[in-house]
Amino acid sequence: YCCRREPSLPVALVSLCTLLFVYITWKRMTVAVSVSAPPRFYSFNIVNEFPHDPDAFTQGLVYGGNETLFESTGLYHRSSVRQVLLQTGKVQVSHQMDGSYFGEGLTLLGERLFQVTWLTRTGFTYDRYNFSKQHRFSHQMRDGWGLATDGKVIFGTDGSSTLYHLDPQTLKVIRRVTVRYNDHEVPYLNELEYVNGEVWANVWQTDCIARISHKDGMVLSWILLHELRQGLLKSGHTAIDVLNGIAWDEKTNRLFVTGKLWPKLYQIHLHPVT
Ligand code: DDQ
Ligand code: CA
């Protein structure tokens with residue numbers, strides 16, 4: 001009896017300690033994870049939906065204040081930069097571009113709109129109140145896809161995994177950051193928006209928006225929006241193209257998204273996927 005019992009006591013103690021150690025370590029890890037790591041994936045609720053010109057091949061979208069949006073549209077002979085009313089989707093002011101240009105990313109800095117074009121390395125600036133006051137510029141990105149600004153630099157994409165930082169005065173590239181998620185480069189970065197210190201990018205041909213740290217290019221999290229495009233397809237809008245176009249109203253924290261040839265523009269609210 002004694003011989004059998006004595007060795008089992010230390011064994012039991014060691015097992016108990018091991019169990020406790022494992023439990024405490026696991027607790028620590030889960031607490032550390034839930035405190036320090038932000039959510040990796042976001043889903044959404046639709047707060048509002050607004051009409052959107054189904055002929056607009058949306059390539060750039062930015063909130064312009066006073067319930068208006070500025071939008072850049074693509075396709076040859078159909079490209080434009082326009083100001084539209086949020087509530088009705090009605091085009092208030094439109095500038096038709098020369099038919100040889102294919103409009104791409106758009107951003108608003110001060111009184112000026114900056115727009116890039118596909119495959120020409122040419123961009124335009126417009127006076128936000130008078131689109132006929134325009135200037136042409138050339139840039140050093142491989143191509144012109146998306147634009148956004150934090151008010152100090154202009155961020156640009158060219159369809160690669162590079163997030164460019166441009167000087168708004170000279171339009172010269174001042175920094176290149178490679179965008180990565182878990183050590184994988186994220187190519188096809190397209191339309192951009194600057195939201196609360198992060199750069200958000202539509203990834204071309206996907207229903208996802210990458211939330212990027214512009215300092216090191218890390219993808220902090222993903223917004224999953226496949227249900228928006230699926231919903232439109234299900235309701236018979238079969239001619240739509242990809243999700244493209246993010247606009248942020250920083251005064252009221254409203255987030256708007258749309259797509260190329262989408263008949264609707266959505267105001268959405270994000271929530272972490274649990
Ligand atoms: N981009 O928006 C991804 C930068 C370019 C999209 C190009 C779509 C091509 C549509 C048809 C082009 C006709 C020449
Ligand atoms: Ca945008």
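Both counts, for ligands and for their atoms, begin at 1 and track the order of listing. Just so you know, residue 1 is the first one in the sequence shown, and it goes up from there. Just so it is clear, the model here is predicted, and its values are computed rather than measured.
- No side-chain donor from either of E49 and Q267 sits under 3.5 Å from a side-chain acceptor of the other.
- Protein heavy atom nearest atom 7 (C) of ligand 1, with residue, atom name and distance: W118 CH2, 3.5 Å.
- In terms of N/O distances under 3.5 Å, ligand 1 is not approached by W204.
- With the Ca ion (ligand 2) as vertex, L61 O and E191 OE2 subtend 90°, rounded to 10°.
- Contact annotation: the side chain of V203 approaches that of V186 to within less than 4.5 Å [non-hydrogen atoms, C-beta and beyond].
- Each of F44, Y181, Y42 was compared with W222 under the ring pair (Phe, Tyr, Trp, His ring centres under 6.0 Å) criterion, and only Y181 meets it.
- Within the listing of ligand 1, atoms 2 (O) sit less than 4.0 angstrom from a heavy atom of Q59.
- In terms of protein heavy-atom proximity, atom 10 (C) of ligand 1 is closest to L75 CD2, 4.2 Å.
- Linking ILVMFWY side-chain heavy atoms closer than 4.5 Å, directly or via other members, places L265 and I240 in two distinct hydrophobic clusters.
- At a cut-off of 3.0 Å, L192 is counted among the residues with an N, O or S atom near the Ca ion (ligand 2).
- The O atom of I246 and the OE1 atom of E193 subtend an angle of 70° at the Ca ion (ligand 2), given to the nearest 10 degrees.
- Heavy-atom distances between Y76 and ligand 1 reach below 4.0 Å in at least one pair.
- Between F124 and Y101, the gap from one ring centroid to the other is short of 6.0 Å.
- Summary of contacts: the protein heavy atom closest to atom 6 (C) of ligand 1 is K260 NZ, 3.7 Å.
- Distance alone, capped at 3.5 Å, is enough to place a donor-acceptor pair between the T88 side chain and the K90 backbone.
- Linking Ile, Leu, Val, Met, Phe, Trp and Tyr whenever their side-chain heavy atoms come within less than 4.5 Å puts M97 and V93 in one cluster.
- In terms of protein heavy-atom proximity, atom 1 (N) of ligand 1 is nearest to E104 OE2, 3.5 Å.
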